[in-house]
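Report on the following structure.
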Amino acid sequence: MSRPAAKGWCPGAYKPMMSGDGLVVRVRPMLARLTQAQVLGLCATAQKFGSGLIDLTSRANLQIRGVAEADHEAVLERLANLGLLPDDPLLESRRNILIPPLWQAGDETDRIANALVARLGEFPELPAKMGFAIDIDGPPQFSQNSADFRLERSCDGALILRADGASHGRLVTAETAVDALIEMANWFVKTDGPSHRRMAAHVALTPPPADWQDALPVAINTALKPGRVELGTIFGAVFGQIEAEALATLVRETKGKALRVTPWRLFLLEGADAVETVDFITEARDPLLQIDACPGAPLCTSSTVETRQLARTLAKETRGPMHVSGCAKGCARPRPCATTLVGHDGAFDLVKNGRPWDAPTKTGLTPQQLTTALGEF
């Protein structure tokens with residue numbers, strides 16, 4: 001089965017998306033980092049003009065939920081005053097860049113990311129959801145995250161640029177990386193890549209030039225977990241949803257100097273000590289870290305089922321990864337999962353070892369029937 005049509009673009013600050021609870025206003029922090037003042041200002045904005053909820057997205061961005069259309073301009077003014085709207089509005093959507101959260105000022109990640117941002121205007125027009133991964137802090141961390149242009153390490157530690165879907169990459173340096181990215185983007189456009197929308201689909205039919213196939217990327221890295229790291233403390237947000245008041249309280253109590261966003265429903269507070277909190281995940285073995293759940297009804301108009309409270313309940317009774325999707329689009333996890341529950345006409349379909357749009361094993365399950373149905377597998 002094919003995936004149902006999803007939105008052809010992602011929300012932004014200047015171009016928000018309407019959802020069941022109002023406008024979703026996406027903020028793309030530079031280098032996926034916000035200062036303490038920016039975090040507290042964003043929380044205050046979410047409380048004043050939104051529902052008080054902030055999403056961590058799979059592209060390492062933040063989203064204010066529940067903004068009324070009449071308040072959109074006021075939100076933009078607040079974000080601009082906080083320094084969270086650094087782009088020309090026409091370039092905002094192009095700054096779709098994944099960056100390893102443990103980068104250090106002045107390192108290769110920092111230098112390449114800043115050079116890429118400065119030259120985004122030189123790229124050709126690309127499909128709206130295309131993005132970059134500067135995945136060079138050791139072995140790749142973003143292999144399971146969406147990106148079309150991937151800067152990675154080769155097996156011997158050299159920098160390579162790899163088109164998503166290609167097995168090998170082209171040798172580059174920190175100084176030539178952005179030139180090579182622009183060249184690859186132009187190749188994608190000139191070889192009719194936009195008709196396929198994403199790089200991997202295009203590469204499957206049109207392999208990159210032979211002289212871009214110099215080296216293999218190194219093996220995938222171990223995922224980050226909540227806990228102490230050299231730069232501070234990593235916390236988890238259940239299903240990527242944060243209450244603005246709780247985040248502001250955590251930042252003040254830990255005296256976190258800055259916040260770094262990741263695409264894994266985790267965030268790093270620089271300089272913060274580990275603390276006990278009921279609002280965020282602090283244990284690496286917390287079962288909620290293995291469960292994806294979209295906002296569901298009533299927050300999403302595509303969904304006919306409530307998802308997140310159900311996912312919390314099932315997390316206590318199941319083992320292994322699970323995806324609770326409000327509809328067959330599978331926005332929270334558009335890839336296979338051991339167990340996927342898909343909302344359909346107010347009930348759930350069960351998909352084993354597949355994606356939300358794959359053929360289900362069982363259909364029409366009520367929430368009360370799910371525990372029994374899951375126990376049979």
Side-chain angles (χ1 to χ4, degrees), residues 1-7 17-22 24 51 53 55-58 63 65-66 144 146 223 225-226 236-243 263-266 278-377:
M1 298 176 64
S2 60
R3 184 183 184 186
K7 293 283 188 181
M17 184 178 290
M18 180 57 71
S19 191
D21 57 338
V24 176
S51 63
L53 297 177
D55 292 332
L56 285 178
T57 80
S58 61
Q63 293 179 165
R65 299 196 65 94
Q144 298 299 313
S146 176
K225 297 291 184 182
V238 180
F239 313 130
Q241 187 173 85
I242 294 173
E243 292 187 5
W264 310 300
R265 297 174 293 166
L266 303 171
V278 298
D279 297 308
F280 300 98
I281 297 174
T282 58
E283 295 293 332
R285 296 183 179 180
D286 193 309
L288 286 169
L289 288 173
Q290 295 196 79
I291 299 186
D292 295 292
C294 66
L299 300 184
C300 177
T301 55
S302 296
S303 177
T304 61
V305 294
E306 189 283 326
T307 54
R308 288 181 170 169
Q309 188 55 51
L310 173 67
R312 283 180 179 271
T313 299
L314 294 176
K316 304 170 186 177
E317 304 176 15
T318 59
R319 295 181 180 179
M322 177 181 291
H323 178 195
V324 182
S325 184
C327 71
K329 289 187 291 187
C331 298
R333 185 186 176 112
R335 58 187 185 276
C337 186
T339 301
T340 299
L341 302 175
V342 186
H344 182 73
D345 291 337
F348 289 89
D349 295 341
L350 171 62
V351 178
K352 298 300 292 184
N353 299 312
R355 301 161 299 185
W357 54 91
D358 289 337
T361 303
K362 292 194 173 186
T363 61
L365 298 169
T366 66
Q368 293 74 25
Q369 293 172 317
L370 288 174
T371 300
T372 300
L374 293 174
E376 295 175 358
F377 292 91

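For the numbers below, each heavy atom of this structure counts, side chains included, while hydrogens, waters and symmetry mates do not.
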Correct closest heavy-atom pair for Cys294 and Gly326 would be SG-N, 3.0 Å
For residues 279-302, which residue pairs qualify under salt bridge (charged side-chain N to carboxylate O under 4.0 Å, His left out), counting only residues two or more places apart or in two chains? Arg265-Asp292, Asp292-Arg333
Any ring-ring contact (aromatic ring centres under 6.0 Å, His included) pairs touching residues 290-343, not counting sequence neighbours? none
List the residues meeting side-chain hydrogen bond (donor to acceptor under 3.5 Å, both in side chains) with Ser146, not counting sequence neighbours, and say none if there are none. Arg198
Just jot down the side-chain contact (heavy atoms from CB on, under 4.5 Å) partners of Asn353, sequence neighbours excluded, or say none. Ala338
Contacts of Ala293 that satisfy side-chain contact (heavy atoms from CB on, under 4.5 Å) - sequence neighbours left out: Phe239, Arg308, Ala311, Val324
Can you list the residues that meet the side-chain hydrogen bond (donor to acceptor under 3.5 Å, both in side chains) rule with Thr282, with sequence neighbours excluded? none
What's the spacing between Gln241 CD and Asp55 CG if we round to 0.5 Å? 6.0 Å
For Ser19, what residues pass the side-chain hydrogen bond (donor to acceptor under 3.5 Å, both in side chains) criterion, not counting sequence neighbours? Arg65
Excluding sequence neighbours, so at least two apart, what forms side-chain contact (heavy atoms from CB on, under 4.5 Å) with Gln144? Arg335
I'd like to check the side-chain hydrogen bond (donor to acceptor under 3.5 Å, both in side chains) partners of Ser303; sequence neighbours left out, ordered by chain and number. none
Please list, chain by chain and in numerical order, all residues satisfying side-chain contact (heavy atoms from CB on, under 4.5 Å) with Gln290, sequence neighbours excluded. Pro321
Show me the donor-acceptor pairs within less than 3.5 Å that the side chains of residues 341-348 make with the rest of the protein, sequence neighbours left out.
none

